[in-house]
Amino acid sequence: MSQELGWPRDDEDLSMLIDTDVNRSVDSGFVDLTTEAPAQTSRLSIRGSRMSTHERISSALKILRDGRISVLDLLIKILDPSEASYSTYRDRICVPSPKEKQLGTGRLEKMLDFLWEDPRSQTRVAEWLRPHAVAYVCSTVYNEMDDVKRCLHATLDTVTPELLLTCNVENTLASIMHKNAPLLYTIIMNAAQTKRAK
């Protein structure tokens, strides 16, 4: 399987690529990768600090290309939860930085936006997402209906003739659904619309 993906015979090259003593940029999340001896690394780090982001990325991509490792192969290897040695890199990808928390969005969301906006990847992403989206919607609606049932629960002593005469079932249900089951309410409202109404 590893040879089919274009990986080296073992993970030593990839481990060396990722775990090398490197010049790090925590804010950008980018790592300047070098594989030289300590003295050479020191000189390259000084030179690397003067490189632009574009130059650093080009340098990293060249290392990957020379090692016959695609960007996707690298990401798959890093994101594999069975690869304990890459857990720090997974944290950098999955856990938002303080700056991202402050902004309310981050680089992971931006990457997903790019994948969704590109017609070449949108179809594949939609096909992958569909079963997960259906499962998420079903689970959310199930929980919402529990809240709706609690709101509609009534005892016999609260059901009076006056209540039955004055209660507008449609308005009451719509209000409760809008507040306690927003996802289901949105689905029902959209399902009830005609093309002309839209």
Side-chain angles (χ1 to χ4, degrees), residues 5-7 11-137 139-141 143-144 179-180 182-183 186:
L5 290 174
W7 290 102
D11 290 337
E12 290 182 1
D13 292 341
L14 183 60
S15 298
M16 179 178 67
L17 177 68
I18 294 178
D19 297 327
T20 305
D21 186 18
V22 295
N23 176 34
R24 303 171 186 269
S25 175
V26 175
D27 183 59
S28 68
F30 180 77
V31 180
D32 183 21
L33 302 169
T34 56
T35 57
E36 304 295 337
Q40 292 173 308
T41 300
S42 178
R43 291 194 298 271
L44 287 172
S45 295
I46 295 173
R47 185 184 68 182
S49 64
R50 300 171 184 169
M51 295 170 65
S52 67
T53 299
H54 176 78
E55 290 171 329
R56 292 181 183 216
I57 292 175
S58 296
S59 176
L61 290 175
K62 184 179 184 304
I63 294 173
L64 291 175
R65 188 170 59 252
D66 292 344
R68 293 182 298 175
I69 301 173
S70 74
V71 174
L72 278 178
D73 286 340
L74 178 68
L75 286 174
I76 289 171
K77 198 70 174 178
I78 292 173
L79 292 172
D80 185 347
S82 68
E83 297 287 348
S85 58
Y86 307 142
S87 61
T88 300
Y89 295 89
R90 286 194 293 275
D91 291 342
R92 292 282 180 84
I93 294 172
C94 301
V95 180
S97 67
K99 183 178 180 180
E100 290 174 333
K101 289 180 180 178
Q102 184 179 5
L103 294 174
T105 187
R107 288 160 293 182
L108 179 59
E109 292 80 4
K110 194 169 186 178
M111 181 183 72
L112 295 174
D113 285 339
F114 285 145
L115 289 173
W116 185 253
E117 292 165 3
D118 191 325
R120 295 171 299 177
S121 56
Q122 187 182 91
T123 301
R124 295 179 65 183
V125 173
E127 289 176 354
W128 173 89
L129 185 61
R130 184 180 181 86
H132 300 285
V134 170
Y136 171 79
V137 169
S139 175
T140 302
V141 168
N143 293 329
E144 287 182 349
K179 180 180 179 180
N180 298 90
L183 179 58
T186 301

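One-based numbering along the sequence shown.
Comment: K62 engages D66 in a salt bridge, judged by a side-chain N to carboxylate O separation of less than 4.0 angstrom.
Considering only heavy atoms from C-beta on, L74 stays 4.5 Å or farther from V71 through its side chain. Counting heavy atoms from C-beta outward, R107 and S97 have side chains that approach closer than 4.5 Å. The shortest distance between side-chain heavy atoms of P119 and T123 does not fall below 4.5 Å.
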Subject >> Steps toward side-chain contact (heavy atoms from CB on, under 4.5 Å) verdict (V134, V137) >> reply: CA-CA 5 Å; V134 170; V137 169; 5.9 Å; no

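When every heavy atom of E55 is checked against every heavy atom of R50, the shortest pair comes out as OE1-O, 4.5 Å. The two atoms that bring K77 and Y86 nearest to each other are O-CD1, 3.6 Å, heavy atoms only. Taking all atoms of both residues into account, the shortest heavy-atom contact from R90 to A84 is NH2-CA, 4.0 Å. The two residues E100 and G106 come nearest to each other via the heavy atoms OE2-CA, 3.4 Å.
The OG atom of S87 sits 12.0 Å away from atom CG of L79, with the distance rounded to the nearest 0.5 Å. With values rounded to the nearest 0.5 angstrom, D80 atom CG is found 12.5 Å from L75 atom CG. Within the model, atoms CD1 of I76 and CD1 of I69 stand 12.0 Å from one another, a figure rounded to the nearest 0.5 Å. Note that CG of L64 is 10.0 Å distant from OG of S59, once rounded to the nearest 0.5 Å. Within the model, atoms CG of D113 and OG1 of T105 stand 6.5 Å from one another, a figure rounded to the nearest 0.5 Å. Rounding to the nearest 0.5 Å gives a distance of 10.5 Å between CG of L183 and OG of S139.
The only option from I93, T88, D73 that meets the side-chain contact (heavy atoms from CB on, under 4.5 Å) definition with I78 turns out to be I93.
For the pair T186 (side chain) and P182 (backbone), a donor-acceptor distance under 3.5 Å is present.
Classified by interplanar angle (parallel below 30°, tilted 30° to 60°, perpendicular above 60°), the ring pair W128/H132 is tilted.
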